[in-house]
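Chain A is the first sequence line, chain B the second, and so forth, proteins listed ahead of strands; every chain is numbered from 1.
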Protein chains: 2
Amino acid sequence: MASVARITGMTIQTRRERERAERRRLIVTAARELAEAEGWDAVTTRRLAAEIEYSQPVLYSHFKGKGAIMAAVAVEGCAELAVEMRRAREAAPGTRAALAAVAETYTSFARRRPALYDAMFTHLVDLPFATPEAPAALQEAFGQLLAVVTPVTAPEEEPGLVAETFWAALHGLATLMRSGRLPEPAHARRLRLLVDRFAKAGDE
Amino acid sequence: MASVARITGMTIQTRRERERAERRRLIVTAARELAEAEGWDAVTTRRLAAEIEYSQPVLYSHFKGKGAIMAAVAVEGCAELAVEMRRAREAAPGTRAALAAVAETYTSFARRRPALYDAMFTHLVDLPFATPEAPAALQEAFGQLLAVVTPVTAPEEEPGLVAETFWAALHGLATLMRSGRLPEPAHARRLRLLVDRFAKAGDE
DNA sequence: CTCTCATTCCTAGCGTTGCTAGCAAAGGGG
DNA sequence: CCCCTTTGCTAGCAACGCTAGGAATGAGAG
């Protein structure tokens with residue numbers, strides 16, 4: 001006769017899989033917190049292993065390597081950025097305001113969560129980007145840029161290209177500023193200037 | 001009586017200084033060539049020492065560390081980028097053409113010399129950037145952006161900020177494309193789009 | 001309850017990195 | 001000719017990402 005466990009799916013197998021999933025989350029969360037607190041240089045496999053109170057090889061039974069862990073953190077970051085941008089866009093009163101709000105949200109995110117941002121967009125992590133296989137969170141984030149940019153796209157332009165170009169500009173501002181190559185104080189003015197250039201068909 | 005060497009300045013001291021300067025150049029050149037050929041990951045201190053046919057510690061008698069060597073290479077790269085951009089700007093027939101030509105030159109440089117570009121603008125090298133102490137080559141490069149952007153600056157805008165923002169956009173395009181986050185084929189159209197957005201006061 | 005076997009997880013170590021201490025050799029100055 | 005400074009080497013340190021191989025754990029069979 002089939003046991004209750006078998007009926008409800010609470011077999012030993014499922015318990016182990018659940019524990020594995022939990023530990024995987026533990027790794028990703030620890031990596032993220034450590035990175036946000038002390039930067040990615042501090043996220044060594046030894047340090048991370050100590051943080052989760054397991055030995056190093058455990059990491060490699062969950063991820064192919066450090067890069068894969070960073071990629072997992074990056075996906076989390078994408079989801080959060082997408083949420084923040086959506087909120088900013090939907091709260092904005094008009095087309096131009098939405099463009100400005102999303103731009104501000106994006107660069108603010110990069111500044112508030114530098115480690116997260118680096119994992120997502122500057123470090124070399126093997127994440128599929130410009131393909132259908134890209135993570136849903138990433139596509140969602142890009143979707144927000146697309147939504148906010150479509151109203152200011154000229155008839156002869158393609159919204160996708162405008163979104164990509166706008167994204168690139170925001171990314172450039174964020175990274176150059178964070179590496180000290182652009183002076184911080186003028187950031188707001190640069191951002192306003194960029195929005196001006198892209199919101200030529202703004203309704204407000 | 002003072003020797004000929006003393007009069008002409010060809011003392012032992014100067015010979016040594018000359019030899020030191022030559023070896024410094026040798027290091028920088030070797031680092032650059034190695035980086036351009038196999039990427040910065042291949043530029044280890046051991047490999048570089050073997051390349052110049054000296055031992056590792058010699059490197060540290062010339063530079064504070066690997067970062068300082070990269071910084072030296074970066075300065076070289078700035079000089080070359082500045083030359084290329086100046087040439088493009090001066091050969092362009094009009095304001096808008098100059099803007100487009102410099103933009104094309106910039107992103108083309110980033111694609112043709114990825115290692116050089118990384119040392120200049122993506123890697124963390126301790127180079128003074130937005131200060132008067134910035135290397136002359138760097139200021140010259142930025143000057144080209146400034147020159148090409150000034151004619152399309154609105155009266156209420158500051159050319160410096162426009163140049164910085166335009167630079168950031170180009171940088172974003174270059175880095176996101178090179179890391180596979182933006183699809184390459186559409187690059188020309190994105191560049192054209194960006195130039196459109198910045199050349200609103202173009203004379204042609 | 002006990003034996004068996006598969007899975008889990010740790011200790012130990014490999015090869016590499018940037019960087020440095022300390023000694024040997026070279027070479028100009030008295 | 002000898003001293004002594006300068007130069008550049010050998011050897012090694014601590015830390016990195018990653019992996020092999022064995023010990024311990026725990027589920028299933030008799």
**Message:** Looking at B:Glu80 and B:Arg32, is any side-chain nitrogen of the basic one under 4.0 Å from a carboxylate oxygen of the acidic one?
**Reply:** yes
How many Å lie between [atom1] on [X] and [atom2] on [N], as a whole number?
X: A:Ile52; N: C:dC10; atom1: CD1; atom2: P; result: 9 Å
X: B:Tyr54; N: D:dT7; atom1: OH; atom2: C1'; result: 10 Å
X: B:Lys64; N: C:dG18; atom1: NZ; atom2: P; result: 16 Å
X: B:Phe63; N: C:dG18; atom1: CZ; atom2: P; result: 15 Å
X: A:Asp41; N: C:dT17; atom1: CG; atom2: P; result: 17 Å
X: B:Glu53; N: D:dT7; atom1: CD; atom2: P; result: 20 Å
X: A:Tyr60; N: C:dC10; atom1: OH; atom2: P; result: 15 Å
X: A:Trp40; N: D:dG17; atom1: CH2; atom2: C1'; result: 15 Å

**Prompt:** Under 6.0 Å between ring centres, would you say that holds for A:Phe166 and A:Tyr106?
**Reply:** no
**Fill in**
DNA chain D nearest-nucleotide lookup for A:Arg47 and B:Arg20: closer to the 5′ end is B:Arg20
**Whichever of B:Arg46 and A:Pro57 has its nearest DNA chain C nucleotide further upstream toward 5'** = A:Pro57
Exceeds 12 heavy-atom contacts within 6.0 angstrom, atom [atom1] of [X]:
X: A:Arg111; atom1: CZ; value: yes
X: A:Glu53; atom1: CD; value: no
X: A:Arg113; atom1: CZ; value: yes

Can you tell me if the side-chain N/O atoms of [X] get under 4.0 Å from OP1 or OP2 in [N]?
X: B:Arg23; N: D:dG8; value: yes
X: A:Thr45; N: D:dC18; value: no
X: A:Ser55; N: C:dC9; value: no

**Message:** Taking donor-acceptor contacts at under 3.5 Å, does the side chain of B:Gln56 reach the base of C:dC19?
**Reply:** yes
